[in-house]
> 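Take a look at the following structure, please.
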Amino acid sequence: MKIATWNVNSIRSRLDHVTQWLQANPVDVLCLQETKVVDPDFPRSPLEDLGYHLYISGQKSYNGVAMLSRSPLADVQIGFAAVLGDDVAEMDEQKRVISGVAEGIRIVNLYVPNGSAIGSDKYDYKLRWLAVLRDYLRAYLADQNPDALSVCGDFNIALEDKDIHDPSKRETHIMSSDVERAALQAVLDLGLSDAFRHLTDEAGHFSWWDYRTAAFRRNRGWRIDHHYLSPSLLKRVKSCVIDVEPRKLEKPSDHAPVIVEL
DNA sequence: ATGGCAGTTCCTAACTGA
């Protein structure tokens with residue numbers, strides 16, 4: 001089973017890239033982030049014509065997540081409140097969370113807040129959001145027996161220095177501060193492991209490159225798009241690959257897709 | 001120290017992203 005995650009930076013601007021990529025890489029489930037479109041305007045037909053079932057949660061201009069699956073997903077749940085109740089409804093105003101079950105695996109698709117700048121209001125929101133995420137994933141893990149939880153998406157955090165082209169300023173940079181890393185690590189301490197790092201210790205593998213300063217050509221990137229697996233799934237992982245090919249196209253997303261095979 | 005690139009909308013300026 002292949003599951004992919006890809007921040008497309010607008011599904012309408014990236015529709016051709018996504019359809020071409022799916023034809024070459026017919027994964028079982030594709031999780032998209034930053035679709036940037038309200039649900040009635042989501043370009044469903046070109047993706048359904050490829051044989052995918054669509055599950056979407058979008059908003060105007062910003063954020064937005066979607067799941068494409070070759071087989072229908074069971075028990076699709078949108079937002080934190082679907083699991084944690086109305087106490088966290090405020091956290092669902094930004095559309096960043098969707099999940100569903102395929103082949104008995106609960107697949108969660110996340111777009112973690114960027115955080116803007118350390119100490120900003122958006123940064124505080126990012127940290128609060130990650131605290132809610134921990135409660136949300138704990139509930140899914142408690143539900144699953146045996147454990148079968150796969151969590152992917154754009155995490156907007158690089159956990160290790162080897163996930164950053166230049167870690168020299170990492171403590172003052174958004175996405176790499178100790179506080180952000182600790183907040184994500186607290187989530188992972190529930191019992192989730194990075195599929196990519198399970199398979200390689202190598203530095204220099206990135207999933208996002210700034211549009212500016214020819215960052216992709218110089219491979220000045222960050223590895224911030226991840227697949228996290230519960231223990232029983234980690235035993236089944238065959239590969240976890242970052243596909244840099246779409247990043248080479250004209251008008252690309254600034255992120256590359258990441259594919260895990262179980 | 002700054003801005004650089006890209007997408008979207010209240011669209012030719014301002015915002016958000018990372």
Side-chain angles (χ1 to χ4, degrees), chain A residues 5-19 31-43 56-66 91 93-97 109-130 133 152-184 196 204-226 242 244 246-258:
Chain A
T5 179
W6 193 2
N7 179 323
V8 289
N9 188 18
S10 170
I11 185 59
R12 287 178 293 182
S13 288
R14 225 63 63 203
L15 185 58
D16 288 348
H17 288 194
V18 172
T19 55
C31 297
L32 302 177
Q33 304 89 35
E34 280 209 272
T35 52
K36 292 187 172 180
V37 65
V38 293
D39 293 351
D41 294 341
F42 194 101
I56 61 180
S57 177
Q59 66 182 85
K60 191 167 66 172
S61 303
Y62 305 116
N63 312 312
V65 285
M91 278 290 177
E93 289 174 12
Q94 299 181 18
K95 305 307 180 190
R96 300 177 175 277
V97 178
N109 174 21
L110 303 174
Y111 176 44
V112 177
N114 167 273
S116 188
I118 292 175
S120 66
D121 289 348
K122 291 190 175 71
Y123 181 76
D124 293 339
Y125 180 82
K126 180 179 194 173
L127 297 176
R128 292 202 312 276
W129 195 95
L130 287 164
L133 176 64
C152 70
D154 175 0
F155 284 79
N156 272 320
I157 295 172
L159 269 183
E160 299 181 276
D161 288 356
K162 62 189 172 191
D163 298 323
I164 310 172
H165 68 89
D166 174 13
S168 63
K169 294 175 184 168
R170 67 143 194 99
E171 180 51 32
T172 58
H173 197 293
I174 196 68
M175 304 192 292
S176 55
S177 67
D178 285 337
V179 173
E180 288 165 87
R181 286 179 173 182
L184 178 53
F196 188 86
H205 295 278
F206 308 127
S207 64
W208 171 82
W209 302 260
D210 200 306
Y211 284 122
R212 298 164 291 191
T213 64
F216 180 68
R217 180 177 57 73
R218 300 154 71 192
N219 198 29
R220 296 173 61 84
W222 295 59
R223 194 175 70 85
I224 55 176
D225 300 271
H226 308 146
I242 303 169
V244 299
R247 190 64 178 78
K248 300 175 181 174
L249 301 173
E250 290 293 312
K251 305 276 285 178
S253 169
D254 42 357
H255 295 253
V258 185

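Residue numbers begin at 1 in each chain, while the letters A, B, ... track the order of the sequences.
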> If you measure from the C1' atom in B/dG7 to the same atom in B/dA1, how many Å do you get, rounded?
27 Å
> Determine, for nucleotides 10-18 of chain B in 5'-to-3' order, which nucleotides have protein heavy atoms under 4.0 Å from the base (write B), from only the sugar-phosphate (write S), or from neither (write -).
S----BSSB
> Within less than 4.0 Å of OP1 or OP2 of B/dA6, is there a side-chain N or O belonging to A/Arg14?
no
> Sticking with atom P, work out how far B/dA13 lies from B/dG4, rounded to a whole angstrom.
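Result for the P pair: 15 Å, nearest Å.
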> Under the criterion side chain to side chain contact (heavy atoms under 4.5 Å, CB included), I'd like the reasoning laid out for A/Glu171 against A/Asp178: C-alpha separation, chi angles, the key distance, then a yes or no.
CA-CA 6 Å; A/Glu171 180 51 32; A/Asp178 285 337; 3.2 Å; yes
> Would A/Arg181 and A/Asp161 pass as an ion pair if we require N to O under 4.0 Å?
yes
> For B/dT8 and B/dT12, measure between their C1' atoms and round to the nearest Å.
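B/dT8 and B/dT12 have their C1' atoms separated by 14 Å.
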> Starting at CZ of A/Arg220 and ending at C1' of B/dG3, how long is that distance when rounded to a whole Å?
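Roughly 14 Å, once rounded to whole Å.
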> Would you measure the distance from the C1' atom in B/dA6 across to the matching atom in B/dC11 and give it in whole Å?
15 Å
> Of all residues at least two apart in sequence or in a different chain, which pass the side chain to side chain contact (heavy atoms under 4.5 Å, CB included) check with A/Arg217?
A/Ala214
> Looking only at atom C1', what distance separates B/dC15 and B/dC10, rounded to whole Å?
11 Å
> Among all residues two or more places apart in sequence or in another chain, which pass the side chain to side chain contact (heavy atoms under 4.5 Å, CB included) test with A/Arg12?
A/Ser10, A/Val37, A/Asp41, A/Pro43
> Decide yes or no for A/Ile224 and A/Phe155: does some side-chain heavy atom of the first lie under 4.5 Å from some side-chain heavy atom of the second?
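A side-chain contact is absent here, since even the closest heavy-atom pair is not under 4.5 Å.
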> Is the A/His173 to A/Trp222 ring centre distance short of 6.0 Å?
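Yes, the ring centres sit under 6.0 Å apart.
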> Taking the P atom of each, how far is B/dA14 from B/dA18, in whole Å?
22 Å
> Give a yes/no on whether any side-chain N or O of A/Ser13 is located under 4.0 angstrom from OP1 or OP2 of B/dT8.
yes
